[in-house]
Amino acid sequence: MIVLNGYDILAQIYESVNSEVYRAIRIADNQPVMLKILKQEYPTTQELTHYKQEYKTICGLNFEGAIKAYGLETYRRTPVIILEDFGGVSLKKWLGGKPLALRDFLSLALRIVANLEKIHNAKVIHKDINPANIVLNPETGQIKIIDFGIASVLQRENPGLKNPNVLEGTLAYISPEQTGRMNRSLDYRTDFYSLGVSFYELLTGQLPFRANDALELVHCHLAKQPLEINSLVREKIPPVVEAIIRKLMAKTPEERYQSAYGIRADLEECLRQLETTGKIEDFVIARQDLANQFQIPQKLYGREIEIATLLTAFQRVATADKNSSRTELMLVTGYSGMGKTTLVKEIYQPITEKRGFFISGKFDQFQRDIPYAAVISALTHLVKQLLGESQPQLQLWRQKLLKSLGANARVIIDVIPELELIIGSQPEVLQLGAIATQNRFNLVFKNFIRVFCSPEHPLVIFLDDLQWADLASLQLIELIMLDGDMDYLFLIGSYRSNEINSTHPLSATLDKLEQGGIIINQVILKPLGLEQVNRLIADTLNHSLDYVQSLSALVWQKTHGNPFFVNEFLKTIYWENLLFFQSGQETTTKTDNNRGYWQWHLGQIQRIGSTDNLIQFMMGKMQKLPPETQEILSLAACLGSEFNLNILAVISEKSPPELLPILTSSSEAGLIIPLSELDEQLLIQEYKFAHDRIQQGAYALIEDSKKSLIHLKIGRLLWQHTAANELSEKIFKIVDHLNLGYQIISEEKERELVANLNLLAAQKAKAANAQTGALKYIKIAQKLLEKSSWENNYQLTLNIYSEATEIAYLSGDFEQMQCWANLVLKQAKTTLDKIKVYEVIIEA
């Protein structure tokens, strides 16, 4: 029993893995309270953050029936939330696994939905609705929803694909999209799915799905249907009640109820019939379920054949035998905005069923020289998935990795530092000659990937935007795919077909793979037809196809059926109030729903300029934002498709809290997407642009004459805020920004420092077998040297040209190698200084 000054502890009433709840009396005013405290004596940062978030969220719920928070105290090293005690007990404990009678269920369900509706009206998504978090006072009948530790105040979230063991929420109740393994973002409708699971349990005394482990349960949420309720209960449950629960538990948000009002209307009708006639007749549900929130469906329209092609190819790889190919490449192509990335995510469900790994990486248009950027990002994500495994499973992976990598494990740790968290610190590798070092890198990388490719765990690697891939990455793809010992690997690549021609390095790579016998599949995404745009808009506005036909025809004409453009155009006319929800008081015969309907100003929409250029369209949209928001998004665009709050704060010279409202409004406008959870300051650190064209539009807002100066400023600030022990890890990002502005550096001392940074980048790229990138860095290092550098800065100049000689040799440019070698031999002051160049010449 805890002891907390100012409180008389009466009894412990709840205990979970993480927390304890005590009933107490506040001595100062004799007020009954509940004390919620973390169990761990040394709680994790994430646990502390959840407690702070819960307290802040509850304090913001100012409606009748909301749970009240009286304060936040500290007990030893952990916070204690002081909550009201209204004499409640959780439904989980109150029912004790017994099913509710139908009448009692309907009465209780209505009160739960009413409370949840108020939470959603307060712009909060609970994310953990279940009977343990629904509290009832048996005497008064009052219902309150508790436990807002993972609640979100964002309108939409994009949960990442994680190990099921570390998912937020209670796994038996979470929605398919909350698992991170569905092609959907997360909004308030995730709570409706959890509500449906809770209702199922209240009526049957059982959960809808049973599974042997977390991943199997996740697959049940994604793909399985629960048993019929009437097969589990004694009292006959009317089909319409079961239909309500099944609609709540629909696999996609679009198929669920769209409003708490709609749920209440159907439950009220059921209770009314039961109380007046003693039975419930069938009726059409969801007739009052018209959401006044603007929600464009996230499902894919007109892509059935392409989805089938993708899933069939994965099925072939995952179930291949010794007589069939166990490695395939799938290319997804099309113009920008066609939905290539969205299509690929349709593979989440089957890969979960096969217990496979899905990892992805994206090449960045502004960071093309970083070797293996997308590949390393993907493999880093794989390592993070492993870190979520149980200790016995993690030990098995540790053994597999150490056996496969042997004495060369350090080679992988140098490019994926997170691996050290699994296999521990590893010794430095032996120094070898240039060619031997290349061969070792290739061998170790192939061995590393093979660890994760097996019939029990097929591996899917998705590399997005191959049109921006560096040459080293393309060579690595070729190396992996042509490895005869690589099995159960499905590589998916996407690229903009209009940016690839016969001379592009990707074309050469694909030719070599085809010649090597690799199966290459291709899906070409084309614009949507008028019929598909009409269906999308009808679903968005919850109207018939005929009713929205005129609007659909105009949108299709303006956007040429480009899916991204269609969505952005609809958002634009909504934000400009040309598409609006008309309240029910003014409805006529437009709809049989008395709550309202959607309308639009066709003539004003017609006057919006049509453009084939998505970047110009996005620029025009962003120029309507406040100037400060434009500036911040432009700086974020300079950082890449993904960016970090703290780094953005440094380069914008604003504090993270100052940036928060700007980024929040940009997120609500659909321009950027939060990637990470809240930190200790209740801030989100990681974001990404919602689409490449949004990033390009933000970047285009910067005058061309100022871009070099901004990138130079970013490089300087990143460099200043990077600790010495972090320099190697961040060297490419720092140097890539500096190099976009190196020509305007005038101070000789800074030119020398930047030259040295380029030397370090070249050495790291060379060690990673990325010689094209290494050559670019070393050439810029040379350009930064003064003409008299052999006399005034001998050692740096010697190092740069010696390194350049070896890189030229490894790149196969023997004429350039000889030229630089002769220069070093001519300028070197000692025989020892000439040795490295002699070694290169001898090896060549």
Side-chain angles (χ1 to χ4, degrees), residues 158-164 167 175-186 215-216 218-224 251-253 297-320 324-334 338-363 374-375 377-379 381-382 384-385 449 452-466 477 480-481 486-495 518-525 563:
N158 279 68
L161 196 154
K162 300 177 183 176
N163 189 295
L167 286 174
S175 67
E177 62 270 26
Q178 201 169 333
T179 68
R181 292 172 179 263
M182 195 179 186
N183 198 4
R184 297 288 191 280
S185 59
L186 182 151
L215 192 60
E216 184 182 348
V218 165
H219 181 250
C220 288
H221 285 305
L222 291 174
K224 297 289 182 70
K251 300 302 181 185
T252 65
Q298 297 175 63
K299 66 181 181 181
L300 295 175
Y301 290 83
R303 303 300 193 209
E304 293 79 12
I305 294 173
E306 292 85 352
I307 292 171
T309 302
L310 178 71
L311 300 188
T312 301
F314 168 71
Q315 193 70 17
R316 282 198 303 269
V317 173
T319 59
S324 56
S325 175
R326 289 178 279 193
T327 303
E328 291 191 25
L329 171 64
M330 171 67 74
L331 297 174
V332 182
T333 71
M338 288 297 159
K340 299 181 289 294
T341 305
T342 306
L343 176 81
V344 172
K345 291 179 181 178
E346 289 293 318
I347 207 168
Y348 282 176
Q349 180 177 316
I351 203 169
T352 302
E353 181 181 12
K354 296 293 183 185
R355 296 180 172 271
F357 291 110
F358 177 92
I359 55 175
S360 65
K362 179 179 175 65
F363 293 101
V375 180
S377 173
L379 293 172
H381 185 57
L382 177 55
K384 289 179 178 178
Q385 285 186 50
I449 292 176
F452 305 103
C453 301
S454 70
E456 297 81 21
H457 302 285
L459 175 63
V460 178
I461 303 177
F462 171 43
L463 300 178
D464 202 0
D465 286 323
L466 284 171
I477 291 169
I480 293 167
M481 295 303 292
M486 195 75 70
D487 293 328
Y488 303 103
L489 171 65
F490 188 36
L491 179 65
I492 307 173
S494 76
Y495 63 88
I518 298 300
I519 296 176
I520 301 179
N521 312 276
Q522 189 168 47
V523 168
I524 302 173
L525 296 183

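Computed from a prediction, not measured in an experiment: that's the story for all the values here.
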Without swapping roles, check the side chain of [X] against the backbone of [Y] for a donor-acceptor pair under 3.5 Å.
X      : Y      : result
His221 : Pro176 : no
Lys251 : Lys224 : yes
Gln385 : Phe358 : yes
Gln298 : Ser185 : yes
Thr179 : Val218 : no
Asn521 : Leu329 : yes

Rounded to the nearest 0.5 Å, what separates atom [atom1] in [X] from atom [atom2] in [Y]?
X      : Y      : atom1 : atom2 : value
Ile351 : Gln315 : CD1   : CD    : 11.5 Å
Ile480 : Leu489 : CD1   : CG    : 7.5 Å
Met182 : Gln349 : CE    : CD    : 7.5 Å
Leu491 : Met330 : CG    : CE    : 11.0 Å
Tyr488 : Arg326 : OH    : CZ    : 4.5 Å
Lys340 : Phe462 : NZ    : CZ    : 9.0 Å

Taking the side chain as every heavy atom from C-beta outward, state whether Met486 and Cys453 have any atom pair closer than 4.5 Å.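 Counting from C-beta outward, Met486 and Cys453 do come under 4.5 Å.
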
Could you check whether atom NZ of Lys384 has more than 12 heavy atoms from other residues, nucleotides or ligands sitting under 6.0 Å from it? no

Applying side chain to side chain contact (heavy atoms under 4.5 Å, CB included), run through Leu463 and Tyr495 and close with a yes or a no. CA-CA 9 Å; Leu463 300 178; Tyr495 63 88; over 6 Å; no

Leu311 vs Ile347, test: side chain to side chain contact (heavy atoms under 4.5 Å, CB included). Steps then yes/no. CA-CA 6 Å; Leu311 300 188; Ile347 207 168; 4.2 Å; yes

With Ile492, the side-chain contact (heavy atoms from CB on, under 4.5 Å) member among Ile461, Leu331, Val332: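 Of the listed options, the one satisfying the test is Val332.
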
